Amino acid sequence: MNGDYTSNTSSPIPATLKQRFEQLDGDRRSVLTRTELYASWTLPYICPPLHVKQDELQSNLDSLGARATNHLSNKIAETTFTPYRPFFKLELTEEMQKELNATGQPEKVGELMTKIDTELSYVERQSMRRLEKMGYRTAAVLAIKHLIITGNALIYHPPGGKAQVYDLRNYCIVRDISGTFVEIVMRDCKAFETFSADVQQRLLTAGAGRYKPGLHQDVTIYTRVTLEADGKYHVKQAAENVDLGVHEIWPVNACPWIALTWNLLRGENYGRGLVEDFAGAFHAITMLTQALVEGAAIAADIKFLVNPASSLDIEELNKAASGSYHYGREGDITSPEVKKQNDFNMANALIERFTREISQAFLLMQGTTRDAERVTALEIRRDAQELESSLGGIYSRLAEEWQNPLARLLLDRQKFQIGGERAIEPVIITGMDSLSRGGELDNIQLFLGDLALLDQVPEEFRARIDATRFMQVIGAARAVDYNKFLKTPEQLAADQQQAMAQQRALMQAQAGADVQAEVGKQVAKEP
């Protein structure tokens, strides 16, 4: 393998894949410890406690974490993989465009470009069909949930099968100093009866009586992917300590495993999620909510105090019907009051504060819009754009780590040759690029709105304003390159000539109509 390792393990690589997985587990254990806590605040099934099966996992008294994570994961998935639209576009590289333009035959180049665009568009649509067959949206949402909570996710794209997402408990990873993975060891389970007869016999021999036919026992399968010196990924697989004979080699651009991170620090093998950034707020909400619930339960527990000097018979009073009369004085029976309302209010105010912080980070608009009778659509739109822009970093990371490798993997499975990075390249058109295009459109709309203000200026002042200079000032202020949609002087001259020709034709037609009308009048006057 090549690359500089960042693993803490300095001992030699063991002989079996199972031993290698256990060796790498030491670096992963501390990550699992904290991600279990993060999952308990949000979605516990993302990283449940060890050996927990089919039990109710949600123990948190507050559902803000679950709601925020589900909302943000779906929002990122919609932006990253927009429905009914390719997430990438195939374009000629700048070098290839220069070579075509250098031929000096613009007409032939134009025809060739039209054919190329048609063919590339077909390839893009075929890629999206292949992605839909893989059931990719479900896998993408689940992977993003893992990224938000644990900061890590591994997606496997089996040829001809559905995409699969590995949680952090079932894979270990080693990265070089640049963040590229150089080794992954995964763990799966498969029923003993589903193996071939030869493998079953070898498992029986190696297991020393551990496996018995007919008991439907699960066998752990270990898969190891390593980046070797030839620049390709090599795959080996074993069931426990029995080699399954899988020895595959994948080019980097066609590797079916994509390892994702939310934030990856230099020198670390595992990423860090968004929940870790707001761990203090989640912890505070959990503790304060629990305190409020317990305090409310105590306050709601009704107790009565009876004056020991009173003549009331408690047993008789308990047995008496509602509305009955008894000898006694006012104040003989009292109910204790829990005088903690101010403390409850303070705890509730803190919960609202932390809830607002988390809502802003997870794009929950109902938690970020100001509480007022009239909230304008412009305010809501402005807040939404500001929050979307705050995720620009993760969109850029997903485009680099996820979308680009996925696009190249889809193209490879269609036997489409990109051309050695010289001819054609995939360009991501969703995520951050989509947000930037949306911001550019907003600036254009504001730019046109500002130009319309010129009509509201009184005539005597508007006559002294240079419209072109005014447009230049507004365009610079709104960061709009208006030259893209301005007509050239030649086009303006052609439009003026066409308008003049249309005016002359209209005048001639009107003159002809007047002549015919006059002739008609003269004919009508003749006896």
Side-chain angles (χ1 to χ4, degrees), residues 72-97 100 110 112-144 147 153 155-165 250-260 388-389 391-442 484:
L72 182 59
S73 59
N74 281 280
K75 195 172 189 65
I76 294 178
E78 289 179 358
T79 308
T80 307
F81 300 101
T82 306
Y84 312 111
R85 174 188 171 189
F87 67 91
F88 70 94
K89 182 179 181 182
L90 295 174
E91 294 182 354
L92 292 179
T93 61
E94 184 177 353
E95 181 180 356
M96 180 57 64
Q97 290 178 0
L100 290 177
L112 179 60
M113 288 297 298
T114 302
K115 293 181 180 179
I116 292 176
D117 290 340
T118 302
E119 179 66 23
L120 295 182
S121 178
Y122 173 77
V123 174
E124 294 166 7
R125 293 194 301 271
Q126 289 297 107
S127 299
M128 291 305 101
R129 291 193 186 98
R130 185 178 292 270
L131 202 64
E132 292 172 3
K133 291 180 180 179
M134 295 168 61
Y136 209 74
R137 177 166 178 79
T138 303
V141 173
L142 180 59
I144 295 172
L147 288 176
I155 307 180
Y156 174 49
H157 308 83
K162 300 288 185 179
Q164 303 172 18
V165 179
W250 294 94
V252 173
N253 289 339
C255 183
W257 289 274
I258 298 180
L260 304 174
E388 287 279 12
S389 299
L391 287 179
I394 186 59
Y395 285 137
S396 300
R397 172 171 285 278
L398 293 180
E400 177 185 355
E401 288 191 353
W402 190 357
Q403 292 175 292
N404 202 293
L406 179 59
R408 296 178 182 275
L409 176 62
L410 293 172
L411 295 174
D412 179 80
R413 292 190 175 175
Q414 294 183 78
K415 309 301 180 183
F416 180 81
Q417 299 296 329
I418 297 181
E421 308 295 334
R422 286 189 64 256
I424 299 172
E425 60 182 355
V427 178
I428 306 303
I429 57 175
T430 59
M432 191 60 195
D433 182 76
S434 178
L435 292 179
S436 63
R437 291 176 187 272
E440 183 179 356
L441 179 60
D442 292 337
K484 293 180 180 179

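Treat the numbers as computed from the prediction; the structure is a model and nothing was measured. All values below were derived from every heavy atom in this structure, side-chain atoms included, with hydrogens, water molecules and symmetry-related copies excluded.
- Smallest separation of non-hydrogen atoms from Pro405 and Ala399: CD-O, 4.4 Å.
- A heavy-atom distance below 4.5 Å is not found between the side chains of Leu90 and Ile116.
- In terms of heavy-atom proximity, Leu409 sits nearest to Ala254 at CD1-O, 3.3 Å.
- Two residues are said to be in side-chain contact when any heavy atoms from C-beta on lie closer than 4.5 Å; Ser127 and Phe88 meet this criterion.
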**Study point:** Criterion side-chain contact (heavy atoms from CB on, under 4.5 Å) on Ile155 and Leu260, from CA distance to verdict
**Key:** CA-CA 8 Å; Ile155 307 180; Leu260 304 174; 3.8 Å; yes

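- Once rounded to the nearest 0.5 Å, the distance linking OG of Ser396 with CD of Glu401 reads 11.5 Å.
- In this structure, CD in Glu119 is found 11.5 Å from NZ in Lys115, a value given to the nearest 0.5 Å.
- By the 4.5 Å heavy-atom criterion applied to side chains, Ile424 and Leu120 are counted as neighbours.
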Practice item. Please report the C-alpha distance between Glu425 and Arg408 in whole Å, then the side-chain angles of each, then the deciding distance to 0.1 Å, and finally whether the salt bridge (charged side-chain N to carboxylate O under 4.0 Å, His left out) criterion is met. Key: CA-CA 9 Å; Glu425 60 182 355; Arg408 296 178 182 275; 5.7 Å; no

Practice item. Please report the C-alpha distance between Ile144 and Asn74 in whole Å, then the side-chain angles of each, then the deciding distance to 0.1 Å, and finally whether the side-chain contact (heavy atoms from CB on, under 4.5 Å) criterion is met. Key: CA-CA 8 Å; Ile144 295 172; Asn74 281 280; over 6 Å; no

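- Here the side chains of Val141 and Phe81 are not in contact, with every heavy-atom distance at 4.5 Å or above.
- Across all their heavy atoms, Gly161 and Met134 have their closest contact at O-CG, 3.8 Å.
- In this structure the side chain of Leu406 reaches within 4.5 angstrom of the side chain of Ile258, judged on heavy atoms.
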Check your understanding: Is there a side-chain hydrogen bond (donor to acceptor under 3.5 Å, both in side chains) between Thr80 and Gln403 once you walk through the steps?
Key -> CA-CA 8 Å; Thr80 307; Gln403 292 175 292; 5.1 Å; no

Exercise for review: Output, in order, the C-alpha distance, side-chain angles, deciding distance and verdict of side-chain contact (heavy atoms from CB on, under 4.5 Å) for Leu131 and Phe87.
Suggested key: CA-CA 11 Å; Leu131 202 64; Phe87 67 91; 3.9 Å; yes

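- Nearest heavy-atom pair across Lys133 and Lys162 is O-NZ, 3.1 Å.
- No more than 12 heavy atoms of other residues, nucleotides or ligands lie within 6.0 Å of CD in Glu400, so this atom counts as exposed by the packing criterion.
- For Trp402 and Tyr395, the ring centers are positioned 6.0 Å apart or more.
- The shortest side-chain heavy-atom distance between His157 and Arg413 falls under the 4.5 Å cut-off.
- With a 4.5 Å cut-off on side-chain heavy atoms, Gln164 and Pro158 count as touching.
- The salt bridge (Lys or Arg N to Asp or Glu O under 4.0 Å) check on Arg130 picks up nothing, with sequence neighbours excluded.
- Residue Asn404 comes nearest to Ile428 through the heavy atom pair N-CD1, 3.9 Å, listed as atom of the first residue, atom of the second, then distance.
- Heavy-atom minimum distance, Ala153 versus Leu147: N-CD2, 3.9 Å.
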